[in-house]
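Since the structure comes first, as structure tokens, the remarks are kept for the end.
If you read the sequence from its start, that first residue is 1, and numbering goes on from there.
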Amino acid sequence: MTVLVTGATGNVGRRVVAGLAAAGVPVRAMARRPEAAAPPPGVRVVAGDFTRPETWAAALDGVAAVYLYPFSYLTGPAGEAFAERAAAAGVRRFVVHSAIAAGFDGTDDPADPAIGPLRRHLAEERDAHRAAELLVEATDREWTHLRPGLLAANALGWAGEVRATGAVRLPYPDAGNAVVHEADIADVAVAALTTDDHVGAVYELTGPERVTQAEQVAAIGAAIGRDLAVVAEDPDATRARWSAETGLGRDLVDGLVAVQAASVAPPGLVPPTGTVERLTGRPARSFAAWARDHAADFR
């Protein structure tokens, strides 16, 4: 059974590739830029892009299961066509990298100007991720939806500041959530792709405990042997900086800052679910473990 892993060069995808290869499962890694891939020995890398249908046939040939990531390429006509094409090509199972937002309250309309930036952001996330799940469900093939919460890997956005200044600017240092290690997502994905135990399941995946942003910075400092400073930044200054650094629209930046504000009071927007431990039989990896795994990114 050949498994196609999309987004194979990303933080999660490359770990899914490695996990499948280690289990002896034939793997095909799909990437928009194959030259950026560094797969394990024996793994074939193919050029593939959800917005370029001419790349799909080679990627899907002989594939029995697909790990679908990221969601943004699976919504709309192109995404629907890919899911249908995969099913027609003989794919029997999809494991969708979705997000915990897909299960949030479904009553808010993102177009309603009265709901504010936080509710609008969460509603947009909910609708986009759930739409990707529904595209797969419509194929009538086997599926599993993985809904990770906030990713520990978001802290990689601080790497430049840490290396250059030894400090991290944060609008809400006490904001905290049970952020999830990408390796835990990959472990569950490999199990869902290679066994029948998870067909039709929806899993909300988090870290083992709430960790504040300030605690994350401290854990990174401990991992690299450097005392790092936390600089409390005015939220308006953060909005302006993020807009300039990322090119994201103001509505999205407002939503991201609002997520931080809403996470100051425990348990945060994404409390621990315990799902990783229930599925794997071991505790989810801590943020401190994530920081040690990524120490080289911050040195």
Next on the checklist: Would you compute the distance between atom CZ of R241 and atom CG of D234 and round it to the nearest 0.5 angstrom?
Outcome noted: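 If we round to the nearest 0.5 Å, R241:CZ and D234:CG are 11.5 Å apart.
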
Is there a donor-acceptor pair closer than 3.5 Å between any side-chain N or O of [X] and the backbone N or O of [Y]?
| X | Y | answer |
| --- | --- | --- |
| T139 | A87 | no |
| R141 | V136 | no |
| T275 | E204 | yes |
| R28 | A59 | yes |
| R93 | A192 | yes |
| T212 | A175 | no |
| R226 | V162 | yes |
| R130 | A101 | no |

If I compare all heavy atoms of [X] with all of [Y], which pair ends up nearest, and what's the gap?
| X | Y | value |
| --- | --- | --- |
| G207 | P272 | O-CB, 3.6 Å |
| V253 | S243 | CG2-OG, 3.6 Å |
| A102 | R147 | CB-NE, 3.5 Å |
| A288 | A219 | CA-CB, 4.3 Å |
| A81 | W56 | C-CZ3, 3.7 Å |
| T206 | T273 | OG1-N, 2.9 Å |

Item to check | S98-E133 side chain donor-acceptor pair, cut-off 3.5 Å | outcome: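 Distance-only check passes for S98 and E133.
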
Item to check | Distance-only polar pair, side chains of N177 and S263, donor-acceptor under 3.5 Å | outcome: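 N177 vs S263: donor-acceptor pair found between side chains.
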
Item to check | Identified side chain to side chain contact (heavy atoms under 4.5 Å, CB included) partner of H198 from the options L193, L279, V188 | outcome: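 Only match with H198 under side chain to side chain contact (heavy atoms under 4.5 Å, CB included): L279.
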
Taking the side chain as every heavy atom from C-beta outward, state whether [X] and [Y] have any atom pair closer than 4.5 Å.
| X | Y | answer |
| --- | --- | --- |
| V16 | V95 | no |
| L146 | V96 | no |
| H129 | F104 | no |
| T6 | F50 | yes |
| V217 | L170 | yes |
| P26 | R44 | no |
| V168 | I220 | no |
| V257 | W242 | yes |

Next on the checklist: Which label fits F298 and W290: parallel for a plane angle under 30°, tilted from 30 to 60°, or perpendicular past 60°?
Outcome noted: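 Judged by the thresholds at 30° and 60°, the geometry between F298 and W290 is perpendicular.
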
Item to check | Sole residue of D254, D112, D108 in salt bridge (Lys or Arg N to Asp or Glu O under 4.0 Å) with R119 | outcome: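 Single pass found, and it is D108.
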
Next on the checklist: Can you confirm whether more than 12 heavy atoms, excluding those of R92, are under 6.0 Å from its CZ atom?
Outcome noted: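 Result for CZ/R92: open.
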
Checklist entry - Counting heavy atoms not belonging to D105, are there more than 12 under 6.0 Å from its CG? => result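 More than 12 heavy atoms, drawn from other residues, nucleotides or ligands, come within 6.0 Å of this atom.
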
Checklist entry - Should E182 and R285 count as an ion pair when the cut-off is N to O under 4.0 Å? => result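 Salt bridge absent between E182 and R285.
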
Next on the checklist: Taking R282 first and then D184, would you say they form a salt bridge - that is, a charged N and a carboxylate O separated by under 4.0 Å?
Outcome noted: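 Salt bridge present between R282 and D184.
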
